[in-house]
Asker: 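Sharing a structure, written as structure tokens. Questions coming.
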Amino acid sequence: MSHKLNVLCDHYGICLDHHKADSDSRACAAILLRYLVDGADIRQFIRTCSFLLDLPFKHKGIMCAPFIGSVSIGKYLPSGQIEQVLCDGENYGGARPCYYEWVKSLRDECVEYNVTFVFCGTGRRFVKDGKLYKLEGGVQTEQAYKSGLSYQGKSIDFKLTDAWGYPIAADDLYVPYFGERCQSCGMRMICNGCSRCGKCL
């Protein structure tokens with residue numbers, strides 16, 4: 001049997017309005033509870049960021065999205081392996097709120113260890129100082145940028161080489177282009193640049 005969410009919900013008779021954040025979340029919780037009731041041992045599937053430190057990757061980062069709850073990664077940052085952390089709110093129908101305090105706390109942990117932190121976007125529902133803001137489209141990344149929460153930490157040295165293994169000269173490296181609207185985008189710090197598609201005009 002396929003383990004797709006809609007297939008599992010059909011199998012277990014669980015109500016689902018697929019691809020709606022609130023419905024998908026409730027359905028996942030209902031499936032988990034069904035497994036637990038049936039006596040399933042899920043401990044082997046529960047992982048923390050510690051497994052990331054054991055992976056043999058050259059560059060490592062953490063993406064918290066959708067950011068729908070307070071997260072602490074402070075104990076994983078001293079290793080120096082995590083080079084950047086990104087977070088973004090939720091953007092689907094039924095989007096759950098992202099709280100300013102959660103973003104600020106995550107950012108402060110990154111600053112302590114000089115790890116780049118990028119607040120990509122607020123999501124459709126953002127709470128600050130007890131007030132709920134309903135944000136749509138590009139305003140989400142603009143507000144993330146205006147918050148000033150993104151932080152440029154230690155630069156990442158990618159050591160790029162050509163097909164023969166020789167280092168690529170700085171003059172030959174790709175230089176991203178950023179248009180006028182890019183200047184206030186929360187994702188600019190990690191973006192490969194504007195493709196000049198014209199959709200922003």
Asker: Side-chain contact, heavy-atom cut-off 4.5 Å: V103 with F117?
Answerer: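 Yes, their side chains come closer than 4.5 Å.
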Asker: Once you round to the nearest 0.5 Å, how far does CD1 of I168 lie from OG1 of T161?
Answerer: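 Spacing of CD1 (I168) from OG1 (T161) equals 6.5 Å.
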Asker: Does Q140 use its side chain to pair, donor to acceptor, with the backbone of L135 at less than 3.5 Å?
Answerer: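 Yes, because the side chain of Q140 sits within donor-acceptor range (under 3.5 Å) of the backbone of L135.
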Asker: For a quick test of reading the model, state the closest non-hydrogen atom pair linking L106 to C64 and the distance between them.
Answerer: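 Looking at all heavy atoms of both residues, the closest pair is CD2-SG, 3.9 Å.
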Asker: Take a 6.0 Å sphere around OH of Y145 and say whether it holds more than 12 heavy atoms from other residues, nucleotides or ligands.
Answerer: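 It does not: Y145 OH has 12 such atoms or fewer within range.
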Asker: With no hydrogens and no angle check, is any side-chain donor or acceptor of D129 less than 3.5 Å from a backbone partner on K131?
Answerer: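 No: the side chain of D129 does not pair with the backbone of K131.
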Asker: Within the side chain of S147, is there an N or O that forms a donor-acceptor pair under 3.5 Å with the backbone of A144?
Answerer: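 Between the backbone of A144 and the side chain of S147 there is a qualifying donor-acceptor contact (under 3.5 Å).
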Asker: Hydrophobic clusters here meaning ILVMFWY residues chained together by side-chain heavy-atom distances under 4.5 Å, can you tell me if I82 and F158 are in one?
Answerer: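 In one cluster: no.
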Asker: Any chain of hydrophobic side-chain contacts (each under 4.5 Å) joining Y100 to V139?
Answerer: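 Both belong to a single hydrophobic cluster.
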Asker: Under 4.0 Å between a side-chain nitrogen and a carboxylate oxygen: does that hold for R34 and D38?
Answerer: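 Salt bridge between R34 and D38, a charged N being under 4.0 Å from a carboxylate O: no.
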Asker: Can the positive tip of R196 be found less than 6.0 Å from the middle of the six-membered ring of Y177, inside 45° of the ring normal?
Answerer: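 Checked: cation-pi criterion met.
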Asker: So, for G69 and W102, which heavy atoms are closest and what is the spacing to 0.1 Å?
Answerer: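 For G69 versus W102, the nearest heavy atoms are N-CZ3, 3.3 Å.
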Asker: Taking a hydrophobic cluster as the set of Ile, Leu, Val, Met, Phe, Trp and Tyr residues connected by side-chain heavy atoms closer than 4.5 Å, whether directly or through intermediates, do M63 and I190 fall within one such cluster?
Answerer: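 Yes, it is one cluster - the side chains of M63 and I190 are joined through contacts under 4.5 Å.
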Asker: If you take all heavy atoms of C28 and L5, which pair is closest and at what distance?
Answerer: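 Looking at all heavy atoms of both residues, the shortest contact is SG-CD1, 4.0 Å.
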Asker: Classify the ring geometry between F119 and F126 as parallel (under 30°), tilted (30 to 60°) or perpendicular (over 60°).
Answerer: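 The arrangement is tilted - the two ring planes meet at 30° to 60°.
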Asker: Could you measure the distance from the CZ atom of R96 to the OG atom of S25? Nearest 0.5 Å is fine.
Answerer: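 If I round to the nearest 0.5 Å, the distance is 3.0 Å.
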Asker: Just verifying a value: how many Å separate C110 SG and L77 CG, rounded to the nearest 0.5 Å?
Answerer: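 If I round to the nearest 0.5 Å, the distance is 5.5 Å.
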Asker: How many angstroms lie between CG in L173 and CG in L160, if you round to the nearest 0.5 Å?
Answerer: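 Rounded to the nearest 0.5 Å, the CG-CG separation comes to 6.0 Å.
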Asker: For K60, does the NZ atom have more than 12 heavy-atom neighbours from other residues, nucleotides or ligands under 6.0 Å away?
Answerer: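 Yes - once you tally the heavy atoms of other residues, nucleotides and ligands closer than 6.0 Å, there are more than 12.
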Asker: Might you point out which heavy atoms bring S2 and V7 nearest each other, and give the distance in Å?
Answerer: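 Reported closest heavy-atom pair: O-CG1, 3.6 Å.
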Asker: Between G186 and V118, which heavy-atom pair has the shortest distance, and what is it?
Answerer: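 Of all heavy-atom pairs spanning G186 and V118, the closest is O-CG1, 3.5 Å.
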Asker: Are E136 and R125 close enough for a salt bridge, meaning some N to O gap below 4.0 Å?
Answerer: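 So E136 pairs with R125 through a salt bridge.
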Asker: Are any of the side-chain nitrogens in R124 or E90 under 4.0 Å away from the carboxylate oxygens of its partner?
Answerer: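 Between E90 and R124 there is no salt bridge, as every charged N stays at least 4.0 Å from the carboxylate O atoms.
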Asker: Is I68 linked to I62 within one hydrophobic cluster, defined over Ile, Leu, Val, Met, Phe, Trp and Tyr using a side-chain heavy-atom separation of less than 4.5 Å?
Answerer: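 Result: no, two separate clusters.
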Asker: Is the backbone N or O of G153 less than 3.5 Å from a side-chain atom of N114, with the two atoms forming a donor-acceptor pair by type?
Answerer: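 Not a single qualifying donor-acceptor pair exists.
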Asker: Keeping Y174 on the side-chain end and N192 on the backbone end, is there a donor-acceptor pair under 3.5 Å?
Answerer: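 Judged by distance alone, yes, a pair lies under 3.5 Å.
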Asker: Would a hydrophobic clustering, with Ile, Leu, Val, Met, Phe, Trp and Tyr connected at side-chain separations under 4.5 Å, put Y133 with Y99?
Answerer: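 Hydrophobic grouping puts Y133 with Y99.
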Asker: With a cut-off of 6.0 Å (strictly less than), are more than 12 heavy atoms of other residues, nucleotides or ligands near CE of M189?
Answerer: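 Buried by this count: over 12 neighbours within 6.0 Å.
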Asker: Do the non-hydrogen side-chain atoms of L86 and D88 ever get within less than 4.5 Å of each other?
Answerer: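 Heavy-atom side-chain distance check fails, nothing below 4.5 Å.
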Asker: Between atom CG of D157 and atom CD of E83, what is the distance when rounded to the nearest 0.5 Å?
Answerer: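 The distance works out to 9.0 Å.
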Asker: From E142 CD over to Q183 CD, what is the distance, rounded to the nearest 0.5 angstrom?
Answerer: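 Between atom CD of E142 and atom CD of Q183 there are 12.0 Å.
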Asker: Any idea which heavy atoms bring Y12 and Y35 closest together, and the distance?
Answerer: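 Of all heavy-atom pairs spanning Y12 and Y35, the closest is OH-CE2, 3.1 Å.
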